[in-house]
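Report on the structure given below.
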Amino acid sequence: MTKKENDWLIDAEVQYRITPVKGRWEVSLIFINTRDPNQVLIQTIGDYRTERLAEIYGRNMQQTAAKDPRGTQKVNKDAYDINNN
């Protein structure tokens, strides 16, 4: 990706996801474009032996990645309609 293609990450909403993988808990950060919620980037950042450790790490990394002098960015939940089926 070029710099222009990554510019949306500065304004992205950041969430985290914890999933069980082979007896460990994998933490991923999800970056969602606030202007186009259909554009997402999922980055695996680590795995942990307990769900509690993964939760602590995920929350911490989410807060660190979402720091913005204007405040935390949020996606308008009405801006997209995703069918999970």
Side-chain angles (χ1 to χ4, degrees):
M1 281 193 212
T2 65
K3 184 179 182 323
K4 284 284 188 194
E5 292 172 346
N6 289 331
D7 284 349
W8 68 271
L9 289 169
I10 294 169
D11 295 327
E13 176 181 346
V14 182
Q15 298 179 0
Y16 67 95
R17 175 179 67 187
I18 298 172
T19 52
V21 176
K22 298 181 182 177
R24 295 190 55 93
W25 297 92
E26 186 176 88
V27 180
S28 301
L29 285 181
I30 304 168
F31 298 88
I32 306 168
N33 188 339
T34 55
R35 293 191 181 110
D36 178 11
N38 293 315
Q39 185 177 19
V40 298
L41 173 67
I42 300 173
Q43 184 68 46
T44 301
I45 56 173
D47 62 275
Y48 298 87
R49 58 185 168 87
T50 67
E51 186 176 14
R52 179 70 183 134
L53 287 173
E55 180 77 27
I56 292 167
Y57 187 72
R59 188 175 301 128
N60 184 40
M61 290 304 293
Q62 176 191 25
Q63 290 171 348
T64 300
K67 286 200 177 191
D68 188 314
R70 297 167 293 171
T72 303
Q73 302 298 303
K74 292 288 182 189
V75 172
N76 180 354
K77 302 300 182 199
D78 295 329
Y80 61 94
D81 181 28
I82 297 174
N83 185 344
N84 292 327
N85 289 330

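We count residues from 1, following the sequence as given.
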How about [X] and [Y]: do any of their side-chain heavy atoms sit closer than 4.5 Å?
X	Y	value
Arg35	Trp8	no
Leu41	Leu9	yes
Ile45	Tyr57	yes

Nearest 0.5 angstrom please: [X] [atom1] to [Y] [atom2], how far?
X	Y	atom1	atom2	answer
Ile18	Arg59	CD1	CZ	8.0 Å
Asp11	Ile32	CG	CD1	13.5 Å
Asp47	Leu53	CG	CG	11.0 Å
Tyr16	Glu55	OH	CD	3.0 Å
Gln62	Gln15	CD	CD	7.0 Å

Worksheet entry | Heavy-atom closest pair, residues Gly58 and Val27 |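 Shortest heavy-atom separation between Gly58 and Val27 comes out as CA-CG1, 3.7 Å.
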Discussion item. Determine whether Val21 and Thr19 satisfy the following criterion, side chain to side chain contact (heavy atoms under 4.5 Å, CB included), listing intermediate values before the conclusion.
Written reply: CA-CA 6 Å; Val21 176; Thr19 52; 4.0 Å; yes
Worksheet item: Does any N or O in the side chain of Gln43 come within less than 3.5 Å of the main-chain N or O of Leu29, such that one atom is a donor and the other an acceptor?
Response: no
Discussion item. For the backbone of Ser28 and the side chain of Arg17, can you confirm whether one donor and one acceptor N or O come within less than 3.5 Å of each other?
Written reply: no
Fill in: Polar side chain donor-acceptor pair, Glu26 to Tyr48, under 3.5 angstrom
no
